[in-house]
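Just so we're on the same page: letters track the sequence lines, and every chain starts at 1. All figures in this text were calculated on a predicted structure; none of them were measured in a lab.
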Amino acid sequence: MAEPLLDIRGLKTWFKTEDGMVRAVDGVDLHIDSGETLGVVGESGCGKTVTARSVLKLIDMPPGRFEAGQILWKGRDLIPLEASEMNSIRAKEIAIIFQEPMTSLNPVYTVGDQIAEVIELHQKLSRKQALVAAAEMLRLVNIPNPQRRVHDYPHQFSGGMRQRVMIAMALSCQPKLLIADEPTTALDVTIQAQILELMQEMKDRFGMAIMLITHAMGVVAETCQRVTVMYAGLVVEEAPVEALFGNPRHPYTQGLIRSIPRVDRSAAKKQRLEAIAGTVPNMLEPPPGCRFAARCKFAMDICNQGIPPLKEVGTGHFVRCVL
Amino acid sequence: MQVHRVSRQYVIRKLLIMIPSLLGISIVLFSLLAMAPGDPFDELATNPAVPPEVRAALRAKFGLDDPVWMRYWHWLIALLQGDWGFSFVSRMDVSTLIMQRLPVTLVVIGASQILAIAVAIPVGVLAATRPYSLFDQIANTFAFIGFSLPTFFTGLVLILVFSIQLDWLPFVYRADISATGWEFYWEHIKQSIMPVTVLGLFQGAALVRFVRSSVLDVIRLDYVTTARSKGIGERKVITRHVVRNALIPVVTLVALQMPIVFSGAVVTEQIFRVPGIGSLLITSMLSNDTPVVMGVTFVSACLVVIFNLIADILYGWLDPRIAYR
Ligand SMILES: Nc1ncnc2c1ncn2[C@@H]1O[C@H](COP(=O)(O)OP(=O)(O)OP(=O)(O)O)[C@@H](O)[C@H]1O
Ligand code: SF4
Ligand SMILES: [Mg+2]
């Protein structure tokens, strides 16, 4: 098989805090192939954002630091790269969009200026040409009146429109990978669908790979080819999307899938989703064995003796569980 | 990156707001001065050479016994016609007196503000981008010291060191420098160094701390992460996306501090005997020269209001969200 586009191996990103070392990402392995959409799911605080930002080295250091692991981009490790080399990869090869469109754009510059800034830098165009290209990007993401709207400021756009602007900016240099960190969580339900549709449309046009971080299992089922499930700073299951939904192997994944709201169930039952009982372990001193043990109904003695390894249970289907 | 144009409407609105504020300020000042004991004719009262009838006639002529509102009304009408009143003590028009003194004060205040800003912005930004580094700690310590020491103390220390010990700088400010050409300017610069330094560093110390915290507030915002993700390089991230935004509250602070700057200037002018409006204010207060006191305080109030207007325009220019409202 060809070398993956992005290959994260045993990544540990820790944060030094007053209370001690927070092991936010504690040995993550995941990879993305060219042109595929990988879903990354897991409860709040399991380290999805830290993983995503680690790839572009957008973690503040200090307090953060890379404790171990490799982030291989087309075979080259990004962790030891100089700032200037990293800057030639940012936006040009790997772009990122965030959860909060309301705060992701600088309020004092026009959206055109902010998009043109990237184009000017990476495509070596003049400011004027870059602004023309920026208007073209706004047209591609379906913003009406792009010629006029390039000169508007972020506060003149709604949340959904700002996320479109962010997508336009992220894709303006045709990156090979788009990292989308919960791009729709902050938006209304109807707008969410539009943004996901737009991302799909852009993917069809530009052919980039997408790392889609989300809480919504329904979104994963619809848009992703493969899924990585994270729990407490670790990958607990990785599988092609059909295998994950058809045959979830990790008790945590099973819980996640059961908690998806089902439209076909009766209204009364819909109220009581089967949420997973208990909370994520403290990442200052994570338990020595399986991190899910405290919430797992199958937990046994051996579960607490060391972290179970990722084992292959089907083609491309890996699970970190002793079962 | 381009900046937007502040709309004319916004500027006009701000200008119109100045009128009621200045009227309000002048009413308060006038009433306060009217309540204060003593007036310019107190001295005549104790002077046996002036007969009581003459005194009464003079008082009537200048309307000193009219009710306060009527005196205010006369003062305002005269002011609008360009007449600031007459100083009984100096026997000169108040406007002439003020115009003699104002330029010196403006130069000292202006230069010290420029010094304060020129020091505070780079130091504050550098300190904030390296929090808790050695540089940050040194900057913080100096800022704290500079901010805690009153200007009369630092002024006296500077005089002791640079005028008395080293004899490098004159410690009395002279308005009547006879030299010409370069030498004239050099003398002026030399005698301005200490007052400007004292005032500027005092202001700068407060500003450094404010710039630092403002930069720290902005640097952790989402759009700064967005800027970093573009690959534009840390220096551009800081100058374009952090400093630019962090300066918005700094502009407000500088404007709000103008009254403090003026009171600082009064003290500094006393220490270095700078013949500005600060020292004019003190002498006229001591001699009960009410029209001059009124004139000087009102001019200072006008200057403060004008600085606020400039700040408002700068603010609207720095932050597009304001000027569009
Ligand atoms: N700068 C930081 N300093 C200390 N701890 C941090 C820092 N950034 C993140 N963490 C910690 O890392 C852990 C993982 O956070 P992360 O934001 O990656 O979670 P997430 O999976 O993205 O959650 P969510 O779904 O809520 O976005 C959290 O416990 C968080 O407290
Ligand atoms: S290893 Fe044990 S505790 Fe962990 S998920 Fe599997 S069965 Fe549950
Ligand atoms: Mg997150």
Winner by heavy-atom pair count (cut-off under 4.5 Å) against chain B, out of A:Leu58, A:Leu56, A:Ile96: A:Leu58
Side-chain donor-acceptor pair present, A:Ser126, A:Gln129, cut-off under 3.5 Å: yes
Over 12 foreign heavy atoms within 6.0 Å of NZ, B:Lys236: no
Aromatic A:Phe157 / basic A:Arg149 pairing, under 6.0 angstrom, 45° off normal: yes
Which portion of B:Ile232 sits near chain A, non-hydrogen atoms under 4.5 angstrom: both
A:Leu105 portion near chain B, given a 4.5 angstrom heavy-atom threshold: backbone
Residue part contacting chain B, namely of A:Met166, when any heavy atom lies under 4.5 Å: side chain
Interface moiety of A:Met86 toward chain B, non-hydrogen atoms closer than 4.5 Å: neither
Trace of the side chain to side chain contact (heavy atoms under 4.5 Å, CB included) decision for A:Cys46 with A:Met230: CA-CA 6 Å; A:Cys46 70; A:Met230 283 182 65; 3.9 Å; yes
Residue selection (most heavy-atom pairs with chain B, distance under 4.5 Å) from A:Val118, A:Asn106, A:Thr103: A:Asn106
Whether B:His241 and A:Tyr109 hold their rings parallel, tilted or perpendicular, with breakpoints at 30° and 60°: perpendicular
